[in-house]
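The structure appears right after this line, and notes come after that.
Here is the naming used below: chain letters follow the sequence lines, and residue numbers restart at 1 for every chain.
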Amino acid sequence: MPDQNQRLLTIVCESMLEPFLQEELPHLGASGYTVTDARGAGRHGRRGGAWTKESNVKVDIVCDAEVAQRVVEHINREYKQHYALVMYSTDAKMHCV
Amino acid sequence: MPDQNQRLLTIVCESMLEPFLQEELPHLGASGYTVTDARGAGRHGRRGGAWTKESNVKVDIVCDAEVAQRVVEHINREYKQHYALVMYSTDAKMHCV
Amino acid sequence: MPDQNQRLLTIVCESMLEPFLQEELPHLGASGYTVTDARGAGRHGRRGGAWTKESNVKVDIVCDAEVAQRVVEHINREYKQHYALVMYSTDAKMHCV
Amino acid sequence: MSLEPVVLFFVLGLAAGLLRSDLKIPGSIYDALSIYLLLAIGLKGGVKLAEQATPGMLLDGVLIIGAAILIPLVAFPILRYLGKLKRADAASLAAHYGSVSVVTFSIGVAFLAQAAQEYEGYLIVFLVLLEVPALVIGVILARYGAGQVRWGRMLHEVFFGKSIFLLLGGMIIGYVAGPQGIEPLDKVFFDLFKGALAIFLLEMGLVAAGRLADLRAYGVFLIGFGIVMPILSASLGTAVGWMLGLSVGGTMLLAALYASASYIAAPAAMRIAVPEANPGLSIGAALGVTFPFNILIGIPLYYWMAQTIHQIGA
Amino acid sequence: MSLEPVVLFFVLGLAAGLLRSDLKIPGSIYDALSIYLLLAIGLKGGVKLAEQATPGMLLDGVLIIGAAILIPLVAFPILRYLGKLKRADAASLAAHYGSVSVVTFSIGVAFLAQAAQEYEGYLIVFLVLLEVPALVIGVILARYGAGQVRWGRMLHEVFFGKSIFLLLGGMIIGYVAGPQGIEPLDKVFFDLFKGALAIFLLEMGLVAAGRLADLRAYGVFLIGFGIVMPILSASLGTAVGWMLGLSVGGTMLLAALYASASYIAAPAAMRIAVPEANPGLSIGAALGVTFPFNILIGIPLYYWMAQTIHQIGA
Amino acid sequence: MSLEPVVLFFVLGLAAGLLRSDLKIPGSIYDALSIYLLLAIGLKGGVKLAEQATPGMLLDGVLIIGAAILIPLVAFPILRYLGKLKRADAASLAAHYGSVSVVTFSIGVAFLAQAAQEYEGYLIVFLVLLEVPALVIGVILARYGAGQVRWGRMLHEVFFGKSIFLLLGGMIIGYVAGPQGIEPLDKVFFDLFKGALAIFLLEMGLVAAGRLADLRAYGVFLIGFGIVMPILSASLGTAVGWMLGLSVGGTMLLAALYASASYIAAPAAMRIAVPEANPGLSIGAALGVTFPFNILIGIPLYYWMAQTIHQIGA
Ligand SMILES: Nc1ncnc2c1ncn2[C@@H]1O[C@H](COP(=O)(O)O)[C@@H](O)[C@H]1O
Ligand SMILES: Nc1ncnc2c1ncn2[C@@H]1O[C@H](COP(=O)(O)O)[C@@H](O)[C@H]1O
Ligand SMILES: Nc1ncnc2c1ncn2[C@@H]1O[C@H](COP(=O)(O)O)[C@@H](O)[C@H]1O
Ligand code: NA
Ligand code: NA
Ligand code: NA
């Protein structure tokens, strides 16, 4: 498989959403994802990471544009309104054997 | 608000700069940022993350090109000379409702 | 030194490869790298991060396209076949003084 | 009446936060300490239950839970109509104040130990039992008439969320193993308890300092509520404890349980079941006002209330 | 024969994992606990060695290691020809079952303490000595005839990997400092041992729960192997212990050592030396089947075996 | 004179680092241990102060601090003119050697406990008091004549940085609560102290191993300075201790305090106030040379010096 042009979609959100995303991402067509613990600040104020109630996770998903679109729509519909959350994406190339 | 074209600016630096960045970024026009704990190596040698004195943080900021420019200049002026620090940026699209 | 156009290459792999990468990356021409602890899922199933045997690291390397290519080839040759591992890259601009 | 020294650690953490010290307790240590405290309390409860359980307690339990249900039902209209909060926010706050705080309870126990007062050990069981009805009532209050609820997710979070799970799990292990079985674990789970609590309180102080900023935004009503509500609940608890014939120590602990507001189990459950409620409001009030009030002023006050009702009643 | 209470913590962790509780022990706490347990066991072993070492033990040691080498040599053909596993997988599993588990050993010690049984303390030394030959044999079995081996990396991993390094390091410190020198450290390294083990087992239960899913994929053969193999090894251990004139406690511990499968040192070493072996298979069997079997059923069984052989032999 | 066993943990960590073992203590555990050690020392100091404080100590304190100020003032010209270091580097190193190391002090206390020697407990207070003047002098030396200083940030870092904050905070809690109040916390803050110190030293060894590479780059002068400077400072400390009439133990502790170089508070403060100073230089010398020298050779040497001066003086 040659190198592929894809999107790198990043979701930064409240840690408590992690188990839900973990369950839902495969159904939305993501073949994998990577999670790191994060803290930060945004429209919902500072989230200092000191305890679970105010820590974030950063979820990186490399996928094709269509899946990225589906994930963004799903999250906008289900979580965006009530949870601290941002999503952004860049062009990315997946390197495979 | 439709999807927006922005920059994803990443700053990797000594952890001890985190409180300063946290204070200064909002004044420079960043609407938010995300921090993760990191380790690494660069011109200042290995920073293994074993203790605070040699651990890094990675700060991601999604913002428009102008703000990114301002942040880069500010950090170059204030910190670049004396602190272990790199900055890089990519094109990014912010996904909003 | 003005801003430079480079690649941001990200490797997500089993944590146990970290010491090997740490040793090999400088020889492959990377002037630096940044490591964060990660968990995730992919072709090798869920890697929940609960203990070393199933946690990942995420290694970010900003370098020119040639070095990126060399790193990708090295890792494909040495590790890709038997280890949980993905690599992807994006265009990136390094901001220097 | 002297201050429990562990409370000073809370004050130290609060000071660190407010003075912007770079003191930071790593998230993983916070998690480890809370796992330890929950397990230790569960174990202790299980052991006490194995020693003290009698059929008569069942009736007591029903009364204690029945009376506790009044708390969210009283809090809700106060918040909604007096405080003019949105329905979701009022319901979520009512759930927080209806459920209980493990750390407040522990400080009550430490206070009794210092005052050399006995108490009914099986009251620990109510750390688990009082949680559930309050959260369910909170969700019903939020959803009454409109909106659908993710009951499945929410109840899973309540029962299998780490706080109830560890309390219950510890209780079962303590009950099954009994005092002798647990004895080799005493060095970790009982002897270290108070020191671990001190360090946890340091961290709670740091977190609470961050919450005070939120409170300023929400104003005087919420601060007043955060002080008056626990006094009301404690009065109810004192009355119930006395009617059930609990000791002075037990009466005070029941009052502290009623008075305490949850900031571990409730926030997680409400975030899932009533996501439109602002978590800053409820955590701000529970952790920024009621928790410090309870441990600094409330517990000595409830102790005095328990002594007084026993003197009058006698 | 009653259950060691610490084992209940493993069951609690297993339940949390299977019931999808959000209970999670932070990775850094897992690492800290395993560093603590390895150091503590090493220290204890070093102190015992300083007290008990005699030249006669050298011969015992040669016999114990010689017999242990049989384990991977028997396991390999079973896995390869009966189980039809790939050569690399069979070799890696053989290495896992040839080497030993620190936690299984510790639970054996706790079991003996509860049963008020003495044992030969110097057996701890074999936690280190049994590791190395099994791993080397595993690599040779995997590579026999084909492929090159990263011996350098692999042996570095074995000797300087944290498990052997901490066991050995602790042992040297314990030996050098002796009982009096270590005494001020007893409060941490000995008194807290059992409580720390309990919390570690909670985490092991969580991890094991995640491994059970893998097992379903590998099927009945592997589950059977994960139960029968330790019984075979334990029988060998019982025989060797009895022949060497060990006490009942010592015989049982040797059986438990032989029966246990490594899931700390072996996976790391095999991942480096035989990367084409599927780690899910070996960790699944060692942690998902054999570890629970050993601590729940095996240890009481091996104790019974040790008692029986001593009665028959007497 | 036998080695304190805790020091062996430092050697083990050093070996792990140099032999490239994969042993790694998670950053959050390092942070937790250092918070614990600082709090525990502060508490102990506060309790001792509550028991021992007298007005006469005030004068002693002025003398102890006054003499300590000589240390950076002597170190600076040595570094600048003999060592040909840049002004900023010389000033930063002078500040590191002028301030003190909590862990070196703790090992001194452990050494005295093993030697069954009394000491003046209130000396702990100087762990806090000696820090500040050295750092301020360091900044003045760096900036004399040129450059502006971020005094605000720097002093905030000194006073509210976690090391001074926890020491001071612990001291106040210990003083307020007194021996009886702290007693229920003894199981954690006193009994576990030495074991926690051992694990911390393991980590310090790992970190120091990483620092040795830096040192090679800076050469012989810095290594010499890292050994000679503490001996000079310890001689001063011995003289001052003896003049103030301290016990042998107290004299030795004061010498160890003077001889020790900071690697927690000073690096953080200098990084902010004198960022152009190379932190590799000062941490390399303080942690890579002076710390091992002090705990392996220095403390027994200073003990001998204290005994000698008391014998001669008597
Ligand atoms: N502009 C941004 N750039 C990077 N991360 C952001 C940005 N805005 C928000 N975040 C992250 O997303 C989390 C939730 O954002 P918000 O919902 O805006 O509070 C914050 O806590 C940050 O970690
Ligand atoms: N080329 C690079 N790619 C990614 N991260 C880098 C790179 N160079 C430096 N870093 C990170 O930035 C930190 C400081 O860099 P430096 O000031 O060059 O030592 C390092 O510890 C790394 O974590
Ligand atoms: N599509 C993806 N996007 C982001 N991260 C991925 C993706 N696939 C795999 N990963 C990460 O790479 C690790 C190893 O991948 P794999 O070898 O596919 O199991 C996983 O545990 C994830 O952390
Ligand atoms: Na309540
Ligand atoms: Na074995
Ligand atoms: Na000094």
Side-chain angles (χ1 to χ4, degrees), chain B residues 5-15 17-18 28 34-50 54-63 65-93, chain C residues 1-40 49 52 55-68 71 74-75 87-97:
Chain B
N5 285 318
Q6 309 225 271
R7 298 290 294 172
L8 164 59
L9 170 66
T10 300
I11 306 166
V12 182
C13 65
E14 310 186 11
S15 327
L17 294 183
E18 183 181 353
L28 296 163
T34 295
V35 184
T36 45
D37 291 317
R39 49 194 179 276
R43 287 165 310 128
H44 292 83
R46 245 177 71 60
R47 302 184 53 80
E54 50 174 36
S55 71
N56 294 338
V57 289
K58 183 165 137 189
V59 183
D60 291 314
I61 308 157
V62 182
C63 54
E66 199 190 330
V67 170
Q69 191 53 32
R70 215 179 304 145
V71 171
V72 167
E73 277 165 17
H74 170 81
I75 286 177
N76 271 338
R77 193 175 49 240
E78 292 288 312
Y79 303 112
K80 180 73 199 179
Q81 199 185 344
H82 299 310
Y83 294 95
L85 167 63
V86 300
M87 289 181 284
Y88 50 85
S89 65
T90 65
D91 281 321
K93 198 191 260 187
Chain C
M1 191 165 42
D3 293 357
Q4 292 187 320
N5 285 318
Q6 308 225 272
R7 296 292 292 175
L8 163 60
L9 171 65
T10 300
I11 307 166
V12 182
C13 65
E14 309 186 12
S15 327
M16 60 149 300
L17 294 183
E18 184 180 355
F20 303 146
L21 294 183
Q22 186 181 302
E23 208 184 294
E24 293 157 2
L25 286 176
H27 299 301
L28 296 163
S31 67
Y33 56 88
T34 296
V35 185
T36 45
D37 291 316
R39 49 193 179 276
T52 336
S55 70
N56 293 338
V57 289
K58 183 165 139 188
V59 183
D60 292 314
I61 308 157
V62 182
C63 55
D64 55 40
E66 199 189 329
V67 170
V71 171
H74 171 80
I75 286 176
M87 290 182 284
Y88 50 85
S89 65
T90 66
D91 280 321
K93 198 190 261 187
M94 187 72 137
H95 301 279
C96 314
V97 191

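- Heavy atoms closer than 4.5 Å to chain B are found in the side chain of C:V62, but not in its backbone.
- Most heavy-atom pairs under 4.5 Å with chain B, from the set C:V59, C:D60, C:L25: that is C:D60.
- Interface remark: of the candidates C:A30, C:S31, C:P26, C:G32, C:G32 forms the most heavy-atom pairs closer than 4.5 Å to chain B.
- The minimum heavy-atom distance between B:T90 and C:D91, with the atom names listed, is CG2-O, 3.0 Å.
- For chain B, no part of C:Q6 is nearby; none of its heavy atoms comes within less than 4.5 Å.
- A salt bridge between B:R39 and C:D37 is present, with a side-chain N of the basic residue lying under 4.0 Å from a carboxylate O of the acidic one.
- The two residues B:R46 and C:Y33 make their nearest non-hydrogen contact at NH1-OH, 3.8 Å.
- For B:R7, the part lying under 4.5 angstrom from a heavy atom of chain C is the side chain only.
- In this structure, OG1 on C:T34 lies 7.0 Å from NZ on B:K58, to the nearest 0.5 angstrom.
- B:L9 touches chain C through its side chain: at least one heavy atom from C-beta onward sits under 4.5 Å away, while N, CA, C and O do not.
- The structure places NE2 of C:H95 at 11.5 Å from CG of B:L85, a figure rounded to the nearest 0.5 Å.
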